[in-house]
Amino acid sequence: MGYHVITSTSSPSSLFSSIPSSSSSFSSRNFNLGNFAFSLQPSSSLSLSLSPHHHRILLHPNHVSLHEPLPQVSKDHQDSNFEDSDEKSSKSFIWVNPKSPRAKQLRKKSYDARYTTLVKLANTLDSCNPTEDDVSDILNASGDKILEQDAVIVLNNMANSHIAPLVLKYFQRRIVKPTREVILYNVTFKVFRKCKDFDGVEKLFDEMLQRGVKPDNVTFSTIISCARICSLPNKAMEWFEKMPSFGCEPDDVTYSAMIDAYGRSGHIDMALNLYDRARTEKWRIDTVTFSTLIKMYGKAGNYDGSLNVYEEMKVLGVKPNMVIFNTLLDAMGRAKRPWQAKIIYKEMTNSGLSPNWVTYASLIRAYGRSRYGEDALIVYKEMKEKGMNMNTHLYNTLLAMCADLGFSDEAFEIFEDMKSSGTCQPDSWTFSSLITICSCGGNVSEAERILNEMIEAGFEPTIFVLTSLVQCYGKARRTDDVVKTFNQLLDLDINPDDRCCACLLNVMAQTSKEELGKLIDCLEKANQKLGSLVRYLVEELELDGDFRKEASELFNSFSDEVKRAFCNSLIDLCVNLNLMDRACELLDLGLTLEIYTDIQSKSQTQWSLHLKSLSSGAALTALHVWINDLTKALESGEDFPPLLGINTGHGKHKYPGKGLASVFDSHLKELKSPFHEAPDKAGWFLTTNVAAKSWLVARSSPELVAA
DNA sequence: GTAGGGTTAG
């Protein structure tokens, strides 16, 4: 249902029809620097003594009086109206025009010094004992006069949600008449958000009400974004809906935060609803909201929706920034549209932006996902040539791409690069990709070596590492080690996910019948329903319900990205156990559930069998079904096209022994079929209608041919 | 960095 909403509103005209087209309403947010005009006020805001060595600057409405030590100002920047004899005497006062660049510079310097001191104070507080006494001691020692503004900066820079409330309490005691107490609460909420402590947020909110402090929009958007970060979309909604009862009307920032909260939690229809509301209420829609929308569409698989947002931004004259481009690149990567990623990258550089590491990571992923390995490696080369500042994440993105494409040598070269960079430490992701590469290549000893290196570096095996090892031992026919690895997963209290189950099932398809029992035990622990279905298949037991229905329910319980892997492996298992009827039943079920699509195709000139996404067992089953269908067509006198073809695909990955083409080459020969590998069409086996027909006749009546 | 929202991997 929600997805209908996306499609129906994703066209540019309906999505953005009510957005005002004047660019002024989209102008970038004007941060009110006036908030910091305190430095021009005669107030004592800068006389706070937090450090015995701070600069003391006395300010007057029209003139700035400086007391030593005086910041040095270069001659070029001095206004000719100024006295510059100040540098001689430490006690002299001079008058500086507050509007002059020099005064501005002095103010900035003074503010910077104060800010630095307050940040240090926040850090000290973060690591003190969470007691009122310790907090008081530290704050008392830092100076006697604490102003509200300073309190805001301290809390805003804290990261410990156990201590922040104590600090807030201290400030509430010490600041006689806070003018905007809500701000003190709001920055404290931010600390809870940093710690992902939503319970703490709700507790603090109650406290705030008890003190009679009225929440404002900032309070709500902070709470909503905390709920979002804590993956509590319902809480985000709940708080959003509470706003009016506190006299708050959502504004552009709240809408943007909520659109993001809805989008991230998969409530896309809700997000678009809100977006509609934001538009009709004529809220300014800024770059951040646009990037949220692009990301939301990209994650939902509506890639044209992402592009539409980008196009509309252009139409409206909102200049896309780096985040927009990076988000778009990521969406095009998910869409497996590397050419479009290239175009967007080009548009980005043309607009004068130079790629940052996120850009490169998105590009590498985009190319990797589409098996454009060479292009991905070119990006790597470019980054190296540019002397790009590498980080662990970027290296890991490269390694993950290598793992996807089977670039084993390249991966180890990149790993060496990473270690010699001196700045990037391998982490659990790094080791995980390397272990995957070794596992897919069937290199057990190397996988074990990397695993040890990982453990020595202080990382626990993750589900990804252990799943790779299951595959690795499975390939090597070391069933007991598969079981051991699986049990390790359970010992670490890791819940085996769909991918892990799919991997176990895949291993079973490579295991001898005698050893299958051990693996069924594992599978049953991971997924009871799947385990018992497989036990039924292997042990040829009676099933309570009907097989197709059970299997269908099972498939629907899996996430989309693993459905095909499950179906492939189950069919492989059936083929290995010589249960061809079950294999055909599963293939048919796969077609019904659209796990497989367009396996057979017919045109005027050619009938084809497309096997690209099928495992070898599933492909052999599909061939079996196709041959039966062709035989029926022949018997019913249907006209055959001049050409018949089987497309196995040419598998762009470099891992050995996975190619369907080689499996089919020998199988088709075994069947004495007239299909032969096309020399000029990679991945195709072709034959003529005449050869096909005589072969089909020979197959269906062997006794006739023998006679 | 300056009381609120955005990019960041299997």
Side-chain angles (χ1 to χ4, degrees), chain A residues 29 31-36 38-39 108 111-112 114-116 118-119 122 148-157 180-191 193 215-226 228-229 236 248 250-261 263-264 285-296 298 321-331 333-334 356-362 364-365 368-369 391-401 403-404 427-433 435-436 462-465 467-468 497 499-500 561:
Chain A
R29 193 179 181 79
F31 284 103
N32 185 5
L33 295 169
N35 284 344
F36 302 99
F38 59 81
S39 52
K108 187 184 177 303
Y111 180 81
D112 283 357
R114 189 172 65 116
Y115 191 84
T116 311
L118 294 170
V119 170
E148 207 176 343
Q149 281 151 341
D150 304 307
V152 168
I153 294 173
V154 169
L155 280 166
N156 194 43
N157 282 286
R180 304 285 315 276
E181 198 171 350
V182 63
I183 297 179
L184 291 175
Y185 276 102
N186 289 345
V187 282
T188 311
F189 282 124
K190 278 175 73 182
V191 181
R193 190 181 57 189
D216 62 9
N217 273 11
V218 177
T219 316
F220 284 102
S221 56
T222 309
I223 293 175
I224 289 166
S225 75
C226 180
R228 177 180 67 72
I229 286 168
C248 295
D251 60 19
D252 55 337
V253 175
T254 347
Y255 275 127
S256 179
M258 269 316 290
I259 287 171
D260 193 40
R264 275 178 194 241
I285 297 160
D286 67 6
T287 323
V288 175
T289 309
F290 282 122
S291 82
T292 302
L293 287 163
I294 292 172
K295 192 177 66 182
M296 187 184 79
N321 63 11
M322 191 73 101
V323 177
I324 295 286
F325 281 115
N326 292 345
T327 314
L328 263 176
L329 282 173
D330 192 63
R334 286 172 199 278
N356 63 8
W357 76 267
V358 182
T359 317
Y360 282 124
S362 303
I364 291 163
R365 271 198 305 277
R369 279 183 181 138
N391 61 34
T392 301
H393 193 136
L394 196 43
Y395 273 118
N396 288 348
T397 305
L398 279 161
L399 292 172
M401 177 274 294
D404 278 347
D427 64 8
S428 135
W429 291 78
T430 319
F431 292 114
S432 170
S433 288
I435 291 169
T436 302
T462 61
I463 190 163
F464 304 103
V465 167
T467 303
S468 285
D497 60 6
R499 260 171 219 279
C500 182
E561 69 261 26

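A, B, ... follow the sequence lines: proteins, then strands. Residue 1 opens every chain.
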Rounded to the Å, how far apart are [X] [atom1] and [N] [atom2]?
| X | N | atom1 | atom2 | result |
| --- | --- | --- | --- | --- |
| A:Asn186 | B:dT2 | CG | P | 14 Å |
| A:Ile259 | B:dG5 | CD1 | P | 15 Å |
| A:Asp330 | B:dT8 | CG | P | 5 Å |
| A:Ile324 | B:dT7 | CD1 | C1' | 10 Å |
| A:Arg193 | B:dA3 | CZ | P | 13 Å |
| A:Leu155 | B:dG4 | CG | P | 13 Å |
| A:Lys108 | B:dT2 | NZ | P | 13 Å |
| A:Ile294 | B:dG5 | CD1 | P | 19 Å |

Between [options], which one does the side chain of [X] approach most closely?
| X | options | answer |
| --- | --- | --- |
| A:Val253 | B:dT7, B:dG4, B:dA3 | B:dG4 |
| A:Val323 | B:dT7, B:dG4, B:dA9 | B:dT7 |
| A:Trp429 | B:dA3, B:dA9, B:dT2 | B:dA9 |
| A:His393 | B:dG5, B:dT8, B:dT7 | B:dT8 |
| A:Val218 | B:dT7, B:dG4, B:dA9 | B:dG4 |

Problem set entry | Flag, side chain of A:Ser221 to backbone of A:Val218, donor-acceptor distance under 3.5 Å | yes

Problem set entry | Polar side-chain atom of A:Asn326 near backbone of A:Leu329 as donor-acceptor pair, under 3.5 Å | no

Give one of base, sugar-phosphate or nothing for [X], where a contact means two heavy atoms less than 4.0 Å apart.
| X | answer |
| --- | --- |
| A:Val358 | base |
| A:Asp260 | sugar-phosphate |
| A:Asn156 | sugar-phosphate |
| A:Arg180 | base |
| A:Arg369 | sugar-phosphate |
| A:Thr254 | base |
| A:Asn157 | nothing |

Exercise. Less than 3.5 Å between a donor and an acceptor, one on the side chain of A:Ser256 and one on the base of B:dG5, is that the case here?
Worked result: yes

Exercise. Can you find a donor-acceptor N/O pair under 3.5 angstrom joining the side chain of A:Asp251 to the base of B:dG4?
Worked result: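 In this structure, the two groups form a donor-acceptor pair.
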
For this session: Answer yes or no for this row: A:Phe220 ring on B:dG4 base, centroids under 5.5 Å, planes under 30°.
Result: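 Taking the rule of under 5.5 Å and under 30°, the ring of A:Phe220 does not stack on B:dG4.
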
Exercise. Have A:Asn396 and A:Thr430 got a donor and an acceptor in their side chains that come within less than 3.5 Å?
Worked result: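 Side chains of A:Asn396 and A:Thr430: pair found under 3.5 Å.
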
Problem set entry | Candidate pair A:Ile324 and A:Ile294, rule side-chain contact (heavy atoms from CB on, under 4.5 Å), full reasoning | CA-CA 8 Å; A:Ile324 295 286; A:Ile294 292 172; 3.8 Å; yes

Exercise. Looking only at heavy atoms, what is the nearest atom pair of A:Pro215 and A:Val182, with distance?
Worked result: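 For A:Pro215 versus A:Val182, the nearest heavy atoms are CA-CG2, 4.3 Å.
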
For this session: Could you check whether the rings of A:Trp357 and A:His393 sit parallel, tilted or perpendicular, using 30° and 60° as the cut-offs?
Result: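 The rings of A:Trp357 and A:His393 sit tilted, inter-plane angle from 30° to 60°.
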
